[in-house]
Visitor: 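The structure is given below, and queries will be raised subsequently.
Residue numbering restarts at 1 for every chain, and letters A, B, ... go by the order of the sequence lines. Given the structure is predicted, the values throughout are model-derived calculations rather than measurements.
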Amino acid sequence: MLKYLIYDTETTGLNIVTDKPFLFQYGLVDEDLNLLDVKVFKAKDKKNKQKFIDYIKKVDTIVGHNIKFDIHMAINSGIDISFFKDKNYIDTAVLARLVISHDQQRDSSFSIALKKLAVRYLGKDTAQEEHLLKAELSQLTLEHKANMKQYFIDKGVWDLSLSGRAETKVINEVYNNWNKVFHKYIHLKQARLDFLKLNPAPNYSDCSNVWTYAETDIYLTHGLFKLWYHDVVKLQQVPTLIRISKATIPYVLMERKGMSVNLNKLIQDRNMIIKEMSKTKIIDPRNGFEYSIGQHAKLKELYEYETGMLLKSADKQTRKEIESKSPSARKANYIAKMEKYLSSYITRILNKLSIIDNEYKVFTQYNFAGTVTGRLSSDFQQFPKEPLELANGYVVNIRDWFVVPKGNKYMFYFDYSQMELRLQCEWTNIVSGSPDLNMARAFSPYKCHCYDSNGNKVPYQGEPNKYFKTRDWYLDEDPAIKWQPTDLHALTTKNAFPGVSEMDPDWGHYRQLGKRANFACNYGAAAPKIADALNVDFPTAQALVDGYKKAFKGVVDFSKWLYKHTRTTPSTPNLLLRRYYSRNKHLLQNWLVQGSGADILLEKTTEVYEYIKDKPWWNLMISVHDELGLTCDGIPKAQLDKEVKAIQNIMVYQLSAVDVTVDVEATETSWANKVDY
DNA sequence: AGCGAGCCGTAC
DNA sequence: GACGTACGGCTCGCTG
């Protein structure tokens with residue numbers, strides 16, 4: 001009897017809102033996980049599409065490899081999203097993350113891609129099939145490119161004096177990388193648009209063997225499902241599979257909301273950067289060659305020539321150190337950042353840009369199976385926070401480009417305050433029965449007391465919503481001392497440099513070292529790396545590590561506990577019971593913290609979704625590891641305050657010693673202008 | 001032209 | 001044994 005529906009689509013592209021499926025494939029699976037039937041049909045085949053929808057209605061569990069993408073495609077094909085709500089989702093990519101040993105997952109050859117998993121775990125190599133499909137598309141694309149060039153020639157806009165490599169370079173840039181180079185080829189702009197309108201770029205729907213290919217994917221997905229589904233129970237990963245299943249539709253909706261772009265501002269900034277970049281060139285004085293910023297090997301050699309030093313890298317830290325001796329390094333420092341903005345951010349946003357209802361939007365996907373810890377991965381997580389200042393004083397801030405969507409009034413950002421530090425504190429409590437005192441007291445008056453209005457002594461028992469901030473607290477072990485949040489960085493600093501006090505004129509410098517050492521040590525760094533990263537000698541690095549260990553004895557105990565634990569136990573669960581099958585103590589110490597944070601955010605996102613689902617004036621918009629962004633329409637202030645507070649309260653995660661609390665920021669204009677709410 | 005390794009720079 | 005998790009762009013060398 002039918003119990004599970006596996007489905008997949010073949011599509012015209014990867015944009016989750018503007019691309020459409022041209023093929024649907026599905027497999028019917030019974031309660032014993034046997035494949036009953038496989039079907040492939042064209043998206044425009046209405047009769048078969050209705051049959052497919054009927055199957056969706058019948059089952060309560062849908063299976064797929066990166067199933068979120070295929071839900072988007074079904075919606076884009078006109079299937080109502082309501083058919084997908086209240087279903088269970090089993091993503092075979094997620095299954096892979098849950099059941100395969102986490103040490104294996106870290107292997108550099110490990111890949112979550114369907115075909116790669118099939119080779120490795122099903123012994124089915126479909127590389128030839130994939131190769132044929134790609135080869136066919138490549139051939140079509142080559143023809144399309146040649147046709148574009150011919151069109152330019154026919155229209156009289158092509159520079160006929162070009163030949164050989166120069167000619168190839170132009171057509172390649174125009175065809176493959178238009179959004180990066182269009183300022184160089186303004187004379188081709190209109191002809192290119194006209195050509196693309198008459199001759200859309202080929203896609204997989206134009207390839208002949210795509211039907212076989214499509215069918216194969218169902219067999220492979222079924223193979224992985226059958227291989228791994230029962231392991232989820234055996235390996236105690238059920239809570240995590242359920243958590244991800246429940247988050248599926250909230251994330252589909254978040255992804256479809258997208259982000260709105262102020263294109264005028266982006267183009268204005270782009271123009272300023274290009275103008276500035278054209279002023280500076282790196283020329284090798286020995287041969288007159290111009291180097292691009294990506295030619296690290298050649299640049300390193302040039303820096304060595306100019307400084308007379310042996311360098312280990314051509315990266316920005318190295319360049320900074322030799323700036324005074326090497327004119328080229330100085331130029332590179334300036335160009336590198338502009339190049340990064342142009343290549344990695346501006347061009348990428350332009351490539352992703354869609355026009356939806358007269359609004360410029362970009363969409364991203366969140367990969368539920370992208371990481372070994374359970375964090376989500378996405379291509380929108382690494383946009384720089386710090387603005388870029390050009391030599392003429394012009395400031396480029398990427399966050400200026402992302403604005404409140406049309407029809408909405410606000411963007412809200414709910415972010416967890418020092419989440420991973422608080423989670424690490426929780427782990428010290430779990431393994432020792434009491435939290436690291438210094439860490440706990442950085443966040444709350446742990447083991448402190450206050451007095452009520454009658455003068456009665458009241459112990460601190462954990463008070464949500466920062467209630468404790470309205471009172472004075474005194475340390476239990478010494479009531480004469482008033483509690484103040486521990487300055488964790490100062491603590492490490494003073495331990496590492498006993499002679500240095502806050503009165504010291506260089507205190508700021510030393511505290512900076514203590515702060516950076518704290519971060520590094522939390523990630524598991526030891527003295528050699530600290531010496532390297534902080535650019536201090538080995539004894540100083542060792543002193544900082546010792547200072548950290550003295551400051552946070554609970555963390556040292558956590559480390560020792562984990563060492564013993566991994567010697568005796570094959571797996572360890574994080575706070576939300578996602579299990580990591582590894583005996584690597586060093587990695588686990590980080591995974592338990594990072595992965596707990598990830599699962600908390602995932603679960604809380606679903607809870608926030610449940611809260612806003614009958615309040616259409618709220619929409620999920622973005623999620624980045626420890627923060628959740630939402631848009632909201634213009635609703636009455638009192639109601640807004642109440643609902644913001646409610647979301648904040650939903651998100652707070654209660655731990656035993658300290659809670660993971662939530663800060664709220666908002667803007668009515670752009671991301672760059674958000675302020676505390 | 002396609003692919004993968006290696007380097008680099010960004011986020012949390 | 002020795003700083004965690006990611007993503008994307010670029011260059012370069014290899015392959016066909």
Side-chain angles (χ1 to χ4, degrees), chain A residues 97 102 105-106 108-109 111-112 127 131 134-135 137-139 141-142 145 168 172 175-177 180 291-300 312-319 332-333 336-349 351-352 364-367 369-386 388 398-399 415-416 418-421 424 516-534 538 541-542 545 548 559 563 580 584-595 597-598 601 622-627:
Chain A
R97 288 293 182 195
H102 294 79
Q105 293 183 36
R106 284 195 74 252
S108 60
S109 69
S111 162
I112 208 76
H131 179 78
K134 287 193 171 167
L137 183 59
S138 288
Q139 192 55 44
T141 306
L142 276 179
K145 182 163 76 177
T168 310
N172 280 350
Y175 190 83
N176 299 327
N177 214 354
K180 181 162 182 191
Y291 296 143
S292 73
I293 203 70
Q295 292 175 289
H296 309 114
K298 290 198 172 66
L299 287 174
K300 190 173 89 153
K312 55 177 195 219
S313 151
D315 67 6
K316 84 175 174 185
Q317 191 182 334
T318 309
R319 291 196 307 258
N333 274 338
K337 196 145 187 181
M338 293 190 289
E339 170 66 27
K340 179 83 174 164
Y341 269 60
L342 185 63
S343 292
S344 289
Y345 310 123
I346 295 174
T347 303
R348 178 135 55 101
I349 289 171
N351 285 341
K352 285 171 85 78
T364 188
Q365 292 180 72
Y366 296 91
N367 187 349
T371 75
V372 71
T373 60
R375 269 194 177 183
L376 308 189
S377 66
S378 140
D379 68 345
F380 248 56
Q381 69 189 31
Q382 64 275 30
F383 280 17
K385 289 178 78 155
E386 290 304 316
L388 158 67
I398 289 182
R399 295 181 172 202
D415 76 297
Y416 284 111
Q418 305 198 71
M419 186 184 219
E420 293 198 351
L421 216 48
Q424 191 162 46
R516 291 173 68 191
N518 275 351
F519 274 104
C521 290
N522 283 335
Y523 282 142
K529 279 285 178 189
I530 301 236
D532 189 42
L534 276 60
F538 192 83
Q542 192 59 57
V545 173
Y548 173 88
S559 178
Y563 178 82
Y580 302 108
N584 187 326
K585 175 252 153 201
H586 184 244
L587 290 175
L588 264 175
Q589 190 167 341
N590 184 261
W591 293 355
L592 292 174
V593 171
Q594 186 183 113
L601 183 63
I622 192 176
S623 150
V624 195
H625 307 314
D626 66 358
E627 80 177 60

Visitor: When the distance from CD of A/Glu339 to P of B/dG9 is rounded to whole Å, what number comes out?
Guide: 12 Å
Visitor: Quickly work out the A/Lys300 NZ to B/dG6 P distance and round it to whole Å.
Guide: 15 Å
Visitor: Measure the NZ-CG distance between A/Lys337 and A/Leu388 for me, rounded to the nearest 0.5 Å.
Guide: 6.0 Å
Visitor: Near A/Lys529 NZ, under 6.0 Å, is it more than 12 heavy atoms from other residues, nucleotides or ligands?
Guide: no
Visitor: Expressed in angstrom and rounded to an integer, what is the separation of A/Tyr345 atom OH from C/dC10 atom P?
Guide: 12 Å
Visitor: What contact category does A/Pro384 fall into here, base, sugar-phosphate, or nothing, at under 4.0 angstrom with non-hydrogen atoms?
Guide: sugar-phosphate
Visitor: I need the NZ-C1' distance between A/Lys340 and B/dG9, as an integer number of Å.
Guide: 4 Å
Visitor: Which listed nucleotide (C/dC3, C/dT5, B/dC8) is nearest to the side chain of A/Asp315?
Guide: B/dC8
Visitor: Could you tell me how far apart A/Lys585 (NZ) and C/dG4 (C1') are, to the nearest whole angstrom?
Guide: 13 Å
Visitor: Scan A/Phe380 against the nucleic acid and name what it touches under 4.0 Å (heavy atoms): base, sugar-phosphate only, or nothing.
Guide: nothing
Visitor: Looking across every strand, which nucleic acid part, if any, lies under 4.0 Å from A/Gln295 by heavy atom: base, sugar-phosphate, or nothing?
Guide: sugar-phosphate
Visitor: Are the side chain of A/Arg97 and the backbone N or O of A/Gly370 linked by a donor-acceptor pair below 3.5 Å?
Guide: yes
Visitor: For A/Arg97 and for A/Ala297, find the nucleotide of DNA chain C with the closest heavy atom, then tell me which residue's nucleotide is more 5'.
Guide: A/Arg97
Visitor: Donor-acceptor check, side chain of A/Tyr366 to backbone of A/Ser623, threshold 3.5 angstrom: yes or no?
Guide: yes
Visitor: Roughly, in whole Å, what's the span from CZ in A/Arg106 to C1' in C/dG1?
Guide: 12 Å
Visitor: Choose from C/dC3, B/dC12, B/dA1 the nucleotide whose nearest atom is closest to any side-chain atom of A/Val624.
Guide: B/dC12
Visitor: Using a heavy-atom cut-off of 4.0 Å across all strands, would you classify A/Ala314 as base, sugar-phosphate, or nothing?
Guide: sugar-phosphate
Visitor: Indicate, with a heavy-atom threshold strictly under 4.0 Å, whether A/Val593 touches base, sugar-phosphate, or nothing.
Guide: nothing
Visitor: If you compare every side-chain N and O of A/Thr373 against the phosphate oxygens of C/dT5 (OP1, OP2), does one of them come in below 4.0 Å?
Guide: no
Visitor: So what does A/Leu376 hit on the nucleic acid, given a heavy-atom distance under 4.0 Å: a base, only sugar-phosphate, or nothing?
Guide: nothing
Visitor: Does the side chain of A/Lys134 get closer than 4.0 angstrom to OP1 or OP2 of B/dA1 through an N or O atom?
Guide: no
Visitor: Across the strands shown, which category fits A/Lys180 at heavy-atom distances under 4.0 angstrom: base, sugar-phosphate, nothing?
Guide: sugar-phosphate
Visitor: Once hydrogens and angles are ignored, does a donor-acceptor distance under 3.5 Å link the base of B/dG9 to the side chain of A/Lys316?
Guide: no
Visitor: Nearest to the side chain of A/Ser138 - B/dG2, C/dG4, B/dA1?
Guide: B/dG2
Visitor: Report which part of the nucleic acid A/Phe519 touches: base, sugar-phosphate, or nothing (heavy-atom distance under 4.0 Å, all strands).
Guide: nothing
Visitor: Look at the side chain of A/Ser292 and decide which nucleotide, out of C/dC7, C/dT11, C/dG9, has an atom nearest to it.
Guide: C/dT11
Visitor: Should the pair A/Lys312-A/Asp532 be classified as a salt bridge under the 4.0 Å nitrogen-to-oxygen rule?
Guide: yes
Visitor: Inspect the surroundings of CZ in A/Phe519 and state if more than 12 heavy atoms from other residues, nucleotides or ligands are less than 6.0 Å away.
Guide: no
Visitor: What's A/Lys312 touching, base or sugar-phosphate or nothing? Going by heavy atoms closer than 4.0 Å.
Guide: nothing
Visitor: Using whole Å, report how far CD of A/Gln589 lies from C1' of C/dT5.
Guide: 15 Å
Visitor: Is the phosphate of B/dG9 approached by A/Ser344 (side-chain N or O, under 4.0 Å from OP1 or OP2)?
Guide: no
Visitor: So how far is it from A/Glu627 CD to A/Met419 CE, rounded to the nearest 0.5 Å?
Guide: 11.5 Å
Visitor: Within the structure shown, what part of the strands sits under 4.0 Å from A/Ser378 by heavy-atom distance: base, sugar-phosphate, or nothing?
Guide: sugar-phosphate
Visitor: Could you check how far CD of A/Gln382 sits from P of C/dG4, rounded to whole Å?
Guide: 19 Å
Visitor: If you assign each of A/His296 and A/Thr371 to its closest nucleotide in DNA chain C, which residue comes earlier from the 5' end?
Guide: A/Thr371
Visitor: Pick base, sugar-phosphate or nothing for A/Arg319, based on heavy-atom distances below 4.0 Å to the nucleic acid.
Guide: sugar-phosphate
Visitor: At under 4.0 Å between heavy atoms, what does A/Asn172 touch on the DNA or RNA strands: base, sugar-phosphate, or nothing?
Guide: sugar-phosphate
Visitor: Would one find a side-chain N or O of A/Lys145 under 4.0 angstrom from OP1 or OP2 of B/dA1?
Guide: yes
Visitor: Between C/dC10, C/dG4, B/dC12, which nucleotide has the shortest distance from any of its atoms to the side chain of A/Lys385?
Guide: B/dC12
Visitor: May I ask you to evaluate whether A/Trp591 reaches the phosphate of C/dG4, defined as a side-chain N or O under 4.0 Å from OP1 or OP2?
Guide: no
